[in-house]
Structure formats: C-alpha cells, structure tokens
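Before any comments, here is the structure.
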Amino acid sequence: MENANVKTLDKVVVRFSGDSGDGMQLVGNIFTNISAELGNKVSTFPDYPAEVRAPQGSLSGVSGFQVSVGKDVHTPGDLCDVLVAMNPAALKQNVRFLKPGGVAIVDIDSFKKADLEKALFKTDDPFTELGLNAQVVEVPVTSMTKAALADSGLDNKAVMKCRNIFALGLVCWLFDRPVESAKHILQAKFAKKPAIYEANAKVIDAGYDYGHNIHASVSTYRIETEAARPGIYTDVTGNKATAWGFIAASEKSGRPLFLGSYPITPATDILQELAKRKDLGVKACQMEDEIAGVCSAIGASYAGHLAVTSTSGPGLALKSEGIGLAVMAELPLVVVDVQRGGPSTGLPTKTEQTDLMQALYGRNGEAPLVVVAASTPTDCFTMAFEACRLAMEHMTPVILLTDAFIANGSSAWRVPEADELPEIHAPLLKEGEIDPAWQPYTRRDDNLVRYWAIPGTPGAEHRVGGLEKDYSTGAISTDPVNHERMVETRREKIARIASDIPALDVIDTKGADTILVGWGGTYGHLRTAAEELCKQGTPVAFTHFNYINPLPANTAEVLSRYKRVIVAELNTGMFADYLQAKMPALDIKRINKIQGQPFQVSEVVEKVKDILAR
C-alpha cells in the first residue's frame, strides 16, 4: 500500500539534533548536498554548542543543524517541518523549533530513564511533558544500527558512530532523496577507511528501508524545484567561498596570494582552505599570534602580493595598530572579520554584527579605510573578490565583515566562469615606465591613488612606514599643515571610492512609505520578512547594504524617499547610528537582537508591525 499522506511544499525545513559527537553536522551537510544536486535551493544553520564536549546526554552539549531546501529559499527557516532528535536532551532543546503538526523522529533506544534524568525531565513521558504537538516517530535507531552491522566486525564504539547515518537514511526516504548520492559523499569521506564506508553504506540502506516499512504512519514530502541557470553547482559554506574569492582575485590581478593568519573561531576554515591550495600558488602561513598575522600580510603587500589576514572580533582589536600602518603606508590589504558574539572572548560559536564600529573607527588617529560586508554564504565569494579589487585598485586596506551565521552556513552556488569575473588592474609601477620625478606618494589619478612600487624594480627604490609623510616627497614630516593635508587626502581617497561601487538597489513595493534596511548576513531573513509583510497587506520596501564605507553614492536619495526607515541588525544599533550621523534628517527606527542567534523572520515581521502601529 502506497502512502497517501504526501505533502507537496515549495520548501521544507529539517533540523538534525543530538550530542556534539553524534555527527549532526555531517548528516546535515550530506542532506544539504544531495538536495542541491536535485536542483533545490538550500540554506543552512549549523548551531554549535559553546562547550567543546559537554557530558553526553546533557542539555548543554546539544548540537544542531537546520537546513531549508526547495524554491525561493533565503533562510534556514524559523521552524522545522521535521526534527530529528537522537536523545532526550536534543528533543528538549530543539522542540521549540518544530512546527505544530510537524514530524519528530526520535531514537527511542536513547530515551531510557537514565537518559531522561540527564536531560532533566521530571516524568517518564517526555512527549506529554513537553506538550508536543507533532507526529512522533519512535525509531529504534541504536538497535537497528547494531542489527545492520552485526556481522561487520566493528567494535561497539565504531558501530555507535553510524547511528547518525541510519537517521540520514530515514530522512532521505522521507524526502525522496537518493541514497546513492549520499553514498558517493560517504565514499569520498572514508576513501582511506573502506570498512567504515561499507558499514555506513549498509546502515543508510537500513534507515531508508525502515522508512518504507513505516510508510503508512507518517507524512512524507515532495519538494518543488525551480529552473536553474546552466552551470556547475556546489554546496559551499561562507568561509570556503571567501577563500575561493581570494584565489579568484589573485588569478584576475596576476598578484600571488598570501594569507598570514592566526586560528580563531569562527574564521579558521579560511586559513585551512587556503592552506590546501599550494597547487594554485597560495602562500598560507599560520603565524604565532594575531599581530604577527597582520604584520606578515603587510610585508607581503609591500613585496607585491595580494595580502590577506583573517580573524574574528578579538583578533581585529589586536591587529588595529598594524592596520593603521597599512593605512599610513597606503598598501593594499584585506582583513576578514568573521564576527562572533563579544566582548572579549564572548560567544565564540555564536553570531553577531557587533564589530561594525570597530571596523569603521577602531584605530588610533585618523585612519579611514574601506569596509564591506557579505550578505549570504555565496555572496562571501563575491565580496571577497570585491574587497581584493578595491584594495589593489585603490591602494588601501579593506575590512570584509562576514559573521558566524553565513561563515558556517551554506548555500547552493553556481561556480562562475573565469570570463564572468572582471579583471583587476593594480596600479603597478613597471620597469621602463617610471617618471624620474616619481615619489612614493605620487598620486596617479583623480582618485588620489598612489603607485604600487614592487621592491627590486629599477628606479622605484623607496621606503614607507608608520611616520607621517611629506605630501610631495614622501619623506618623514612633522609639519602640522602637511599632516592635516595628508589626513584629508587619505580620507578623501576613501570617499571617492563611492564612484567605483554599485548604486544601492531597492526592492520596492507600490504604496510603501516604509523601507526595511539591513546589512551583512541578515539579508535572507530581512528580505523574507519584507516579502511576508507585503503578502499580509503591509507594503514595505527593502534594501540591503554590502558597502559600508564609503556608502553607495545614492544612499541619501534612496532613503529620503520613505517616511520611515527601519534598520534591523544583530547589535544595539550601530549601523542605524552610522546612518543617522550621515543623514540627520532621516527618521530611523531600530530592530535589534543580541542573543548570539540570527533573526527569525516572524520576529522581524512582528516588530515592524509594532513600529508601524506606534
């Protein structure tokens, strides 16, 4: 008998949850990849625990991975259609994310009395105690995994590590995902451990077959797909996309790529990804600390490399004097700040947008530079490439702001063709073309950009450093009038970059006198919230900023069209303050969240309604 309870949806949301050692991130990523292969749009949210390894079965050690797949997907979703809970603690911590009437798949073998006590349940009926309004599917995941691998020769510890793959097989059945695609990923992962691959292949089949055996007792889902532009697609995290954007910029500029960095959560994956790319000439150096990371990059820039350093908020603070040196020397440098909760060590595994003011102003003296922000995991590629272009073509440091949400999250990405990316024209001094009157701070055009003189170029011998320079000769100068002129020149140079960045784009709505504004990694949630408000009969326009300093040239013209400007951000209102200072006449309202978690679409919708009601 075929299952008649099939729901067809434009998109569905699945949340995998269990102990931090249960492999939830792995199965979430595999499910995401095979969905992307089928033509679904995807958006993920890996929700890591703050503890390195909390006691097994405890509430503090729960790890989650949420993914939305389907059509017109911009966020991982507020609530999930299906929750996979590998133990009582996972169920208790994540039940709030399950839609009413959704499906909760639990490993009932892990719901013994001792397991319930670890998760601080007061009764032996966790489903009633939680008031669970869902289709609960009690699956003996542990015992079924053991049965499937009874003849495998693996010890109990190795067998238990396959429980997550049984759950993946069941979810693949639930959403009609091909297990062969999942096996292909597993085979690549365990290429050097064939016995482990064979065990996981057997277990994923067992999970899929178990789904067929219970098909009459639970809803299944058919997910709509949308037409995709022809090309090569892959599922990519924000950190990996950032690294690839740097590589592409190196290729397009003809400048070798150097990364000098110190490991820090959640930016370390950029260093790890670039360290793999020696085949492309990438030099990735793990330095002894954050200061050494930025200083090594500055040295590489002086030597003619595309120089990058990656960090998070605490590291950006340590790099501040070095970044000021790059401002003074007017050297191209890209600093990636993958923002996390602070202050100080703060919340290393959680997301925020609280480094904006540090990026804009966090250096001694007048030290202006370019600040840009990526808005999605795939946009990290675009903005990393763009940060490199602006740094080299305008001879300035650029801070690229991403955040833990988009850095660890992933989306389906179409790999661009080489000819789709613009060339990058660095202002290099070339042998035989050097004017005898050239000085280190000779300005080459109306954009006030100085030349990039590579050491060893005949006729371009020079020194630069952190002491103020004479405007004409580049020699050290303490003259007060000259200092003021140099400060204004460096500031004006950044301001004129506004003519070299795209205009601010608006998703307008007929009759809207309110515009919702965001920047950086909140894009998906805010855009979806604006669309939802319009569907509900509340016309709201939407715009999102990737360029922070300088702002797009049409910013004031765009925002002044609207009676109300509502800025939503994951901090106490930094971007709103920045816009208000630039445009005092605007009536700016604020939506702020500082919980280490991304926005939920529903909360933005409700807060916009509250503002409009007031």
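Note that the coordinates shown come from a computational prediction; the quantities given were computed from them, not determined experimentally.
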_Stepwise side chain to side chain contact (heavy atoms under 4.5 Å, CB included) test for Glu420 and Arg414_ = CA-CA 12 Å; Glu420 295 174 8; Arg414 178 184 173 275; 3.1 Å; yes

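- No donor-acceptor pair closer than 3.5 Å links the side chain of Thr528 to the backbone N or O of His525.
- Side-chain contact between Leu38 and Pro178 is present, with heavy atoms from C-beta onward closer than 4.5 Å.
- Ion pairing between Asp22 and Lys161 fails under the 4.0 Å rule for side-chain N and carboxylate O.
- Annotation: side chain of Thr509 is not in contact with side chain of Val540 (no heavy-atom distance under 4.5 Å).
- In plain terms, the two heavy atoms of Leu132 and Ala104 that are nearest each other are CD2-CB, 4.3 Å.
- Val506 and Ala541 make their closest contact through CG1-CB, 4.3 Å (heavy atoms, listed as atom of the first residue, atom of the second, distance).
- Interatomic distance, CG of Leu533 versus CZ of Phe542, reported as 11.5 Å (0.5 Å rounding).
- Taking 4.5 Å as the limit, every side-chain heavy atom of Asp403 sits out of range of all side-chain heavy atoms of Asp355.
- A donor-acceptor distance shorter than 3.5 angstrom exists from the side chain of Asp337 to the backbone of Gly313, with no hydrogens or angles considered.
- A donor-acceptor pair under 3.5 Å is absent between the side-chain atoms of Asn408 and the main chain of Pro46, judged by distance alone.
- Applying the side-chain hydrogen bond (donor to acceptor under 3.5 Å, both in side chains) test to pairs two or more places apart or on separate chains, those with a residue in residues 100-111 are Asp107-Ser110, Asp107-Thr142, Asp107-Arg163, Asp109-Ser143, Ser110-Arg163.
- A distance of 11.0 Å separates CD in Glu180 from CD1 in Ile34, rounded to the nearest 0.5 Å.
- The minimum heavy-atom distance linking Thr522 with Gly518 is given by the pair OG1-CA, 4.3 Å.
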Inset, instruction - May I have the step-by-step check of side chain to side chain contact (heavy atoms under 4.5 Å, CB included) for Val69 and Thr32, ending in yes or no? - result: CA-CA 8 Å; Val69 303; Thr32 301; 5.8 Å; no

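- Residues Val282 and Leu259 are not in side-chain contact: their nearest non-hydrogen atoms beyond the backbone lie 4.5 Å or more apart.
- Under the 3.5 Å distance criterion, the side-chain polar atoms of Ser312 are matched with a main-chain donor or acceptor of Val338.
- Tyr210 and Glu138 make their closest contact through OH-O, 3.9 Å (heavy atoms, listed as atom of the first residue, atom of the second, distance).
- Sorted by first then second residue, the salt bridge (Lys or Arg N to Asp or Glu O under 4.0 Å) pairs that include residues 594-603, not counting sequence neighbours, are Lys593-Glu603.
- No hydrogens or angles considered: nothing links the side chains of Ser43 and Ser68 as a donor-acceptor pair under 3.5 Å.
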Under 3.5 Å, which donor-acceptor pairs do the side chains of residues 74-96 form with other protein atoms, sequence neighbours left out?
| unit_1 | atom_1 | unit_2 | atom_2 | d |
| --- | --- | --- | --- | --- |
| His74 | NE2 | Asp72 | OD1 | 3.0 |
| Thr75 | OG1 | Gly77 | N | 3.0 |
| Asp78 | OD1 | Val601 | N | 2.8 |
| Asp78 | OD2 | Val601 | N | 3.0 |
| Asp78 | OD2 | Ser602 | N | 2.7 |
| Asp78 | OD2 | Ser602 | OG | 3.1 |
| Asp81 | OD1 | Lys99 | NZ | 3.1 |
| Asp81 | OD2 | Val13 | N | 2.7 |
| Asn87 | OD1 | Ala89 | N | 3.3 |
| Asn87 | OD1 | Ala90 | N | 2.7 |
| Asn87 | ND2 | Asp19 | OD2 | 3.4 |
| Lys92 | NZ | Ala119 | O | 3.1 |
| Lys92 | NZ | Leu120 | O | 2.8 |
| Gln93 | NE2 | Leu59 | O | 2.9 |
| Asn94 | OD1 | Arg15 | NE | 2.6 |
| Asn94 | OD1 | Arg15 | NH2 | 3.1 |
| Asn94 | ND2 | Ala90 | O | 2.9 |
| Arg96 | NH1 | Gln93 | O | 2.3 |

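- In this structure a side-chain-to-backbone donor-acceptor pair under 3.5 Å is missing from His544 to Val517.
- Atoms CD1 and CG, on Ile204 and Leu170 in that order, are 10.5 Å from each other to the nearest 0.5 Å.
- Within the 4.5 Å cutoff, side-chain heavy atoms of Phe246 are placed close to those of Val334.
- The line from OG of Ser250 to CZ of Phe385 is 10.5 Å long, rounded to the nearest 0.5 Å.
- Within the structure, no pair that satisfies the side-chain hydrogen bond (donor to acceptor under 3.5 Å, both in side chains) test touches residues 189-204, not counting sequence neighbours.
- For residues 525-535, every residue pair satisfying the salt bridge (Lys or Arg N to Asp or Glu O under 4.0 Å) rule, not counting sequence neighbours, is listed here: Arg527-Glu531.
- Side-chain atoms of Lys510 and Pro539, non-hydrogen and from C-beta on, never get closer than 4.5 Å to each other.
- Residues Met24 and Gly18 share a closest heavy-atom pair of CG-N, 3.4 Å.
- You'll find the side chain of Phe175 reaches within 4.5 Å of the side chain of Phe31, heavy atoms only.
- Summarising the geometry, atom CD1 belonging to Ile406 is positioned 8.0 Å from atom OG1 belonging to Thr351; distances are rounded to the nearest 0.5 Å.
- In this structure, Thr402 and Ala407 approach most closely via the heavy-atom pair OG1-CB, 4.5 Å.
- Relative orientation of the Phe381 and Trp413 rings is tilted, given thresholds of 30° and 60° on the angle between their planes.
- The CG atom of Leu570 lies 8.5 Å from the CD1 atom of Ile594; values are rounded to the nearest 0.5 Å.
- Partners of Lys609 under the side-chain hydrogen bond (donor to acceptor under 3.5 Å, both in side chains) rule, at least two apart in sequence or in another chain, are Gln536.
- Partners of Asn546 under the side-chain contact (heavy atoms from CB on, under 4.5 Å) rule, at least two apart in sequence or in another chain, are Ser375, Asp379, Met383.
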When the side chains of residues 265-276 are checked against the rest of the protein, which donor-acceptor pairs come out under 3.5 Å, sequence neighbours left out?
| unit_1 | atom_1 | unit_2 | atom_2 | d |
| --- | --- | --- | --- | --- |
| Thr268 | OG1 | Ile264 | N | 2.9 |
| Thr268 | OG1 | Ile264 | O | 3.0 |
| Glu273 | OE2 | Trp244 | NE1 | 3.0 |

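- Residues satisfying the side-chain hydrogen bond (donor to acceptor under 3.5 Å, both in side chains) test with Thr378, not counting sequence neighbours, are Thr376.
- In this structure Glu423 satisfies the side-chain hydrogen bond (donor to acceptor under 3.5 Å, both in side chains) test together with Lys252, sequence neighbours excluded.
- Counted within 6.0 Å of NZ on Lys350, heavy atoms from surrounding residues, nucleotides or ligands total more than 12; the atom is thus considered enclosed.
- Residues satisfying the side-chain hydrogen bond (donor to acceptor under 3.5 Å, both in side chains) test with Thr543, not counting sequence neighbours, are none.
- In this view, Asp279 and Arg277 satisfy the salt bridge (Lys or Arg N to Asp or Glu O under 4.0 Å) rule, not counting sequence neighbours.
- Annotation: side chain of Phe405 is not in contact with side chain of Gln353 (no heavy-atom distance under 4.5 Å).
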Test log, rule side chain to side chain contact (heavy atoms under 4.5 Å, CB included), inputs Phe575 and Leu356: CA-CA 7 Å; Phe575 190 58; Leu356 179 61; 3.7 Å; yes

